Amino acid sequence: MTKLIPIFINGQKWIQLSQLSRDEIRALRAWLPMDSLKKIIFQGIELSDCLDFDTYEYWFRTKEVSEQKQALLDF
């Protein structure tokens, strides 16, 4: 799994869920509270599936550690 690079909008770091694979989107949506995704207007374009980067980064690290533990158990 490749970690996304955040986009900076109004001094905050964001990612768009649409940049993830379908499986990652499903896993992240299942983990997130319902009101976590935000609509942001950037250069006249509405980005409707934005998540603050800190939350994404925490999820990414948690998922990565979980996958590493599973790989060790499979060995």
Side-chain angles (χ1 to χ4, degrees):
M1 182 166 82
T2 304
K3 184 177 176 183
L4 296 179
I5 297 171
I7 54 176
F8 288 88
I9 301 172
N10 298 330
Q12 293 183 312
K13 296 187 285 187
W14 300 92
I15 61 111
Q16 280 189 275
L17 259 58
S18 58
Q19 295 175 315
L20 299 169
S21 71
R22 288 183 184 182
D23 290 338
E24 291 170 331
I25 291 170
R26 272 187 240 119
L28 185 52
R29 280 186 180 265
W31 180 82
L32 286 172
M34 293 294 286
D35 62 347
S36 297
L37 298 179
K38 306 293 181 199
K39 289 183 182 179
I40 299 172
I41 304 296
F42 180 65
Q43 296 180 350
I45 300 171
E46 182 179 277
L47 308 174
S48 62
D49 60 346
C50 294
L51 178 66
D52 69 273
F53 184 74
D54 292 337
T55 302
Y56 164 74
E57 189 170 41
Y58 179 82
W59 172 81
F60 182 87
R61 288 182 182 173
T62 302
K63 185 168 176 39
E64 191 174 59
V65 167
S66 175
E67 288 174 356
Q68 288 173 355
K69 284 182 183 178
Q70 186 60 45
L72 287 173
L73 292 174
D74 291 344
F75 184 66

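Computed from a prediction, not measured in an experiment: that's the story for all the values here.
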Under the ring pair (Phe, Tyr, Trp, His ring centres under 6.0 Å) test, residues paired with Tyr58 that sit two or more places apart: Trp31

Intermediate values then yes/no, side-chain contact (heavy atoms from CB on, under 4.5 Å), Leu37 and Leu17: CA-CA 9 Å; Leu37 298 179; Leu17 259 58; 3.7 Å; yes

Least distance between heavy atoms, Ser36 atom then Leu51 atom: O-CD1, 3.8 Å

Nearest heavy-atom neighbours spanning Ile40 and Ile9: CG2-CG2, 3.7 Å

Over all atoms of both residues, closest heavy-atom pair of Leu47 and Phe42: CD1-CB, 4.0 Å

Tyr56 (side chain) donor-acceptor with Leu4 (main chain) under 3.5 angstrom: yes

Audit row: Lys13, Glu57, side-chain contact (heavy atoms from CB on, under 4.5 Å) steps and yes/no: CA-CA 11 Å; Lys13 296 187 285 187; Glu57 189 170 41; 5.6 Å; no

More than 12 heavy atoms of other groups within 6.0 Å of Ile41 CD1: yes

Under 3.5 Å donor-acceptor, Glu24 side chain and Ser21 backbone: yes

Path from Leu32 to Leu20 over hydrophobic side-chain contacts below 4.5 Å: yes

Connected via hydrophobic side-chain network under 4.5 Å: Phe8 and Phe53: no

Main-chain N/O of Ser18 paired with Asp49 side-chain donor or acceptor, under 3.5 Å: yes

Close side-chain approach of Ile15 and Ile5, heavy atoms under 4.5 Å: no

Atom pair CD/CG of Gln12 and Asp54 - distance to nearest 0.5 Å: 9.5 Å

Minimum heavy-atom distance between Ser48 and Lys39, given as atom pair plus value: CA-CG, 3.9 Å

Check against side-chain contact (heavy atoms from CB on, under 4.5 Å), Trp59 and Arg61: CA-CA 6 Å; Trp59 172 81; Arg61 288 182 182 173; over 6 Å; no

